[in-house]
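For reference, the structure discussed in these notes is given below.
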Amino acid sequence: MRAGVYTILALVVYGLSWYYNGQLIPLLAVESMVLMIWGLMVWWPCLRAGLIWPRGFLPLFMLSWFIWFGLTLFWSGSPYSSWFYFWVLGSLPLTFMIAIMIPELTAELFWTWFWRGILISAWILSAMALWQYYQDLVTNIGLANLRPFGPLLDTNSFAAWLNLLFFPVLVLYFVKDSRRQVGFLRGGLDPEAFFYLLTLTVVLLAFFSTSSRGGFLAWICTMPFAIWGLWRLPAARPRFLVVAALVIIAFLLMDYAHGYDLIGHLSPGYITSNITTVSRKLMWIATWHMFLSHPWLGTGIGSYFLNYPAYRLPGELASAGTYAHNDFLEYLAEGGLINLGFLLGFAGVLMYALYRLLYRAGQALQIDDEKRLTALGLVLGVFAITGHALGNFIFYNLPLSILAGLFMARAWRIYGNTGNTEPLLPKIGIHHGFITQGLLLLGVCVASWNLLADATTYAFLSDNAWLNGVINHPRQRAELLLKVANTLTAVRPLATQPHVYLANTYLTLVEHDTRMDAANRRSLVQAALHQYQQSLVGIPQQSGVLNSIGTLYLTQGKFLGLDVTQRQRQTLLAWRQGLAIDPESISLRNEIAQLAYADQGDVQGGLAFLRAGLKRPLFPEPRSELLLDIALMQWRGDDKAAAEKTLLRILRDNPGYLPAVSWLQAIHHQTGLHATVH
């Protein structure tokens with residue numbers, strides 16, 4: 001019964017993680033709370049018994065890694081953002097520590113049922129990939145987009161997930177099928193081995209449908225270790241021929257629509273010229289610069305996307321800038337050398353595990369081959385995604401981190417478990433287990449409280465369309481949201497959105513309530529400014545909030561007792577801080593150019609400031625918008641010919657930009673040319 005409860009909780013944790021994708025905070029909150037409940041149930045009797053800790057390096061390493069992730073929250077440059085990534089990245093060591101503390105007999109039954117759930121998930125993910133591939137194929141989607149991504153937002157990460165599942169299944173197929181005494185052609189068939197073979201088939205079809213170069217390279221680099229470990233099994237050669245045939249068939253079927261370009265895309269010439277790999281190189285250089293700016297403790301885990309705009313290099317316009325596409329470099333930038341050291345240590349643990357499981361067929365382990373090879377398959381799966389992390393973001397995907405931790409826990413139980421220590425708590429003077437149990441319960445309650453507040457923030461202030469069907473009256477909805485935001489600022493001070501919502505509401509009242517006296521206006525403006533400033537505590541890198549602060553000083557500064565000069569100075573200070581965080585912000589650059597230069601009569605200075613933004617890496621639409629602002633300022637400076645040239649430049653680069661088309665048509669109409677702009 002206990003094993004069944006553990007299995008259900010583990011599968012719920014795994015299932016809830018599928019669609020999180022760094023966006024759906026309620027999913028992360030529920031998943032993390034279920035994970036903590038599972039951990040509480042496992043650790044509770046262990047603490048009551050005085051904490052009998054498993055011997056060995058890996059459990060201590062994982063505990064230290066998890067503690068390190070927690071400590072980084074105290075010096076992170078954006079603690080609120082780091083909080084969410086603490087649960088994503090920390091799920092790997094946390095799930096490992098929970099799984100290894102399950103008692104031996106219970107753990108065996110738990111893994112039996114949990115592995116069946118993993119096999120079901122392999123079929124679900126494969127079916128999802130094949131269905132997405134079929135849907136894209138029949139809708140004549142472009143070949144570049146004919147790449148399934150499953151429940152994730154990135155097809156390469158999805159390929160890594162399939163790799164993680166492929167190698168344990170491959171090993172179990174060999175192990176189960178090696179027990180046959182009668183050849184397949186003579187009627188020998190092991191149902192379990194045949195099921196694993198079918199699972200391999202669908203996983204391979206799904207894997208090659210992703211057309212992932214990084215995933216394929218990781219697969220190629222991992223297969224030699226699988227061959228090494230499985231070659232000594234009886235009749236291994238025909239099984240490898242079967243697997244090779246499946247690989248070739250899957251490749252021929254799924255890469256046909258791409259013109260079999262997967263192999264060609266691995267050539268050195270293509271890699272050095274392709275925009276995605278060139279952009280990765282530029283991203284890695286920018287990430288290195290980020291590390292050099294914060295070499296000791298980094299910017300804080302999960303803060304990469306907040307800091308990257310200030311470091312983005314010209315020519316890198318192929319990514320959203322969310323992740324570095326190299327977990328090792330991103331760990332370095334976000335957590336410094338210590339953070340990278342833990343990830344490198346984890347990679348070293350995998351290499352050592354492979355050495356123990358493969359060298360001399362693992363004779364020193366004193367376990368039977370079936371168990372040894374089962375552990376090998378799990379380690380190979382984690383090894384594949386760790387290698388893939390050199391060219392993509394892998395451990396930042398929640399289901400991959402969870403599964404990697406559980407796979408490593410199971411493998412370590414087989415190859416590295418050398419018994420337990422004596423109870424540790426009495427040795428340090430704690431003779432009553434309820435003390436540590438109480439601390440554990442307190443930690444779970446505090447963490448759950450914050451996660452619930454975060455989920456509420458998302459549900460009411462980020463994605464609250466569902467509320468329209470619950471409360472029809474707009475005023476009642478507004479009053480409820482105001483109360484929710486006000487409560488959240490008290491129970492979750494680091495959350496940014498409640499503060500911003502309150503500040504925006506206060507300013508709306510000031511602007512629209514004409515009956516309000518000056519004292520009340522002053523109080524609301526001061527409260528709005530305070531709320532904006534509080535929102536910067538959790539995440540300081542919010543250029544939009546700094547833009548709002550600058551606008552507040554400019555339009556409502558008189559209620560703060562500031563004269564015109566002071567208002568402009570404070571406004572420009574806030575706007576320039578925002579532009580330093582996000583140098584690609586067109587609105588901030590234009591506002592600064594207007595206030596600091598054009599409004600002071602220095603149109604040429606404003607134009608120079610705007611043109612400086614063209615040197616930044618800008619996507620087509622923002623670049624056209626900036627050029628339009630330049631044209632407007634040129635027109636304002638009575639240089640109509642230059643403005644028209646700028647508009648034509650916009651249309652050469654972006655022919656479909658309607659504001660430029662409309663303006664040129666108006667100019668030609670006024671001058672009597674009646675030209676048609678194409």
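Worth saying up front: this structure is predicted, and the values here are computed from it rather than measured.
- In this pair, Tyr134 and Trp131 present their aromatic rings tilted. The plane angle is within the 30 to 60° band.
- Looking at heavy atoms from C-beta onward, Leu125 lies in side-chain contact with Trp18 at the 4.5 angstrom threshold.
- Side-chain atoms of Thr106 never come within 3.5 Å of backbone atoms of Ile102 as a donor-acceptor pair (strictly under, hydrogens ignored).
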Steps toward ring pair (Phe, Tyr, Trp, His ring centres under 6.0 Å) verdict (Phe225, Phe383)
CA-CA 10 Å; Phe225 295 100; Phe383 178 79; 5.3 Å; yes
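- Note on ring orientation: taking the six-membered ring where Trp is involved, the planes of Trp288 and Phe291 are tilted (angle from 30° to 60°).
- Looking at Ser81, its side chain does come within 3.5 Å of a backbone N or O of Gly302 through a donor-acceptor pair.
- Side-chain contact between Trp65 and Leu343 is present, with at least one heavy-atom pair separated by less than 4.5 Å.
- Using cut-offs of 30° and 60° for the angle between ring planes, the Tyr85 and Phe305 rings count as tilted.
- Scanning all heavy atoms of the two residues, the minimum distance from Arg312 to Leu317 falls at NH1-CA, 4.4 Å.
- Looking only at distances, a side-chain donor or acceptor of Thr421 sits under 3.5 Å from a matching main-chain atom of Trp53.
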Would you mind writing out the side-chain donor-acceptor pairs for residues 385-399 within the sub-3.5 Å range, not counting sequence neighbours?
residue: Thr386; atom: OG1; partner: Val382; partner atom: O; Å: 2.7
residue: His388; atom: NE2; partner: Gly215; partner atom: N; Å: 3.4
residue: Asn392; atom: OD1; partner: Arg280; partner atom: NH2; Å: 2.9
residue: Asn392; atom: ND2; partner: Asp154; partner atom: OD2; Å: 2.9
residue: Asn392; atom: ND2; partner: Ser157; partner atom: OG; Å: 3.4
residue: Tyr396; atom: OH; partner: Glu334; partner atom: OE1; Å: 2.8
residue: Asn397; atom: ND2; partner: Ser157; partner atom: OG; Å: 3.1
residue: Asn397; atom: ND2; partner: Phe393; partner atom: O; Å: 2.9
residue: Asn397; atom: ND2; partner: Ile394; partner atom: O; Å: 3.3

Please step through ring pair (Phe, Tyr, Trp, His ring centres under 6.0 Å) for the pair Phe216 and Phe208, ending with a clear verdict.
CA-CA 8 Å; Phe216 188 50; Phe208 281 104; 5.8 Å; yes
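- Within a 6.0 Å radius of CH2 in Trp113, other residues, nucleotides and ligands contribute 12 heavy atoms or fewer.
- Ring planes of Phe158 and Trp161: perpendicular class, angle over 60° (limits at 30 and 60°).
- Of all the heavy atoms in Val175 and Glu370, the pair that sits closest is CG1-CG, 3.3 Å.
- With Trp284 contributing its side chain and Leu329 its backbone, the two residues share no donor-acceptor pair below 3.5 Å.
- Judged by distance alone, the side chain of Tyr415 and the main-chain N or O of Ala353 form no donor-acceptor pair under 3.5 Å.
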Step by step, would you call Ser319 with Ser279 a side-chain contact (heavy atoms from CB on, under 4.5 Å)?
CA-CA 7 Å; Ser319 77; Ser279 294; 5.7 Å; no
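- In this view, Phe110 and Trp38, Phe114 satisfy the ring-ring contact (aromatic ring centres under 6.0 Å, His included) rule, not counting sequence neighbours.
- Taking both residues in full, the closest heavy atoms of Asp255 and Ser211 are given as OD1-OG, 3.6 Å, listed atom of the first, atom of the second, then distance.
- Nearest approach of Ala324 to Thr287, heavy atoms of both residues: CB-OG1, 3.6 Å.
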Would you please test Phe61 and Phe342 for ring pair (Phe, Tyr, Trp, His ring centres under 6.0 Å) and show each step?
CA-CA 8 Å; Phe61 173 82; Phe342 275 108; 5.7 Å; yes
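- No side-chain donor-acceptor contact under 3.5 Å links Glu31 to the backbone of Met33.
- Of all the heavy atoms in Met101 and Ile52, the pair that sits closest is CE-O, 3.6 Å.
- Using bins of under 30°, 30° to 60° and over 60° for the plane-to-plane angle, the ring pair Phe96/Trp412 lands in the perpendicular bin.
- Panel note: side chain Gln132, backbone Arg147; no donor-acceptor pair is recorded below 3.5 Å.
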Donor-acceptor pairs under 3.5 angstrom involving side-chain atoms of residues 235-250: please list them, not counting sequence neighbours.
residue: Arg239; atom: NE; partner: Asp177; partner atom: OD2; Å: 2.8
residue: Arg239; atom: NH1; partner: Pro234; partner atom: O; Å: 2.4
residue: Arg239; atom: NH1; partner: Ala235; partner atom: O; Å: 2.9
residue: Arg239; atom: NH2; partner: Asp177; partner atom: O; Å: 2.9

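- With a 4.5 Å cut-off on side-chain heavy atoms, Pro59 and Met97 do not count as touching.
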So Thr199 and Leu165, side-chain contact (heavy atoms from CB on, under 4.5 Å) or not? Walk me through it.
CA-CA 10 Å; Thr199 305; Leu165 297 170; over 6 Å; no
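- Checking Asn156 against Arg213 by side-chain atom types alone, no donor-acceptor pair falls below 3.5 Å.
- A side-chain contact (heavy atoms from CB on, under 4.5 Å) with Phe167 holds for exactly one of Leu378, Val379, Thr222, Leu376; it is Thr222.
- Proximity of a side-chain donor or acceptor of Asn21 to a complementary backbone N or O of Pro151 within less than 3.5 Å is detected.
- Closest of all the heavy-atom pairs between Phe407 and Pro168 is CE2-CG, 3.8 Å.
- Between the side chain of Ser32 and the backbone N or O of Ala29 there is no donor-acceptor pair closer than 3.5 Å.
- Residues Phe251 and Tyr256 keep their aromatic ring centres 6.0 Å or farther apart.
- Remark: Arg413 does not engage Glu108 in a salt bridge, criterion side-chain N to carboxylate O under 4.0 Å.
- Here the side chain of Glu104 pairs no donor or acceptor atom with the backbone of Ala107 at under 3.5 angstrom.
- The aromatic rings of Phe69 and Tyr331 stand perpendicular to each other, their planes meeting at an angle above 60°, with 30° marking the opposite boundary.
- Counted within 6.0 Å of NZ on Lys176, heavy atoms from surrounding residues, nucleotides or ligands total more than 12; the atom is thus considered enclosed.
- Donor-acceptor pairing under 3.5 Å is lacking for the side chains of Tyr458 and Gln23.
- Using bins of under 30°, 30° to 60° and over 60° for the plane-to-plane angle, the ring pair His258/Tyr133 lands in the tilted bin.
- Remark: the Asn339 side chain and the Trp68 side chain contain an N/O donor-acceptor pair separated by less than 3.5 Å.
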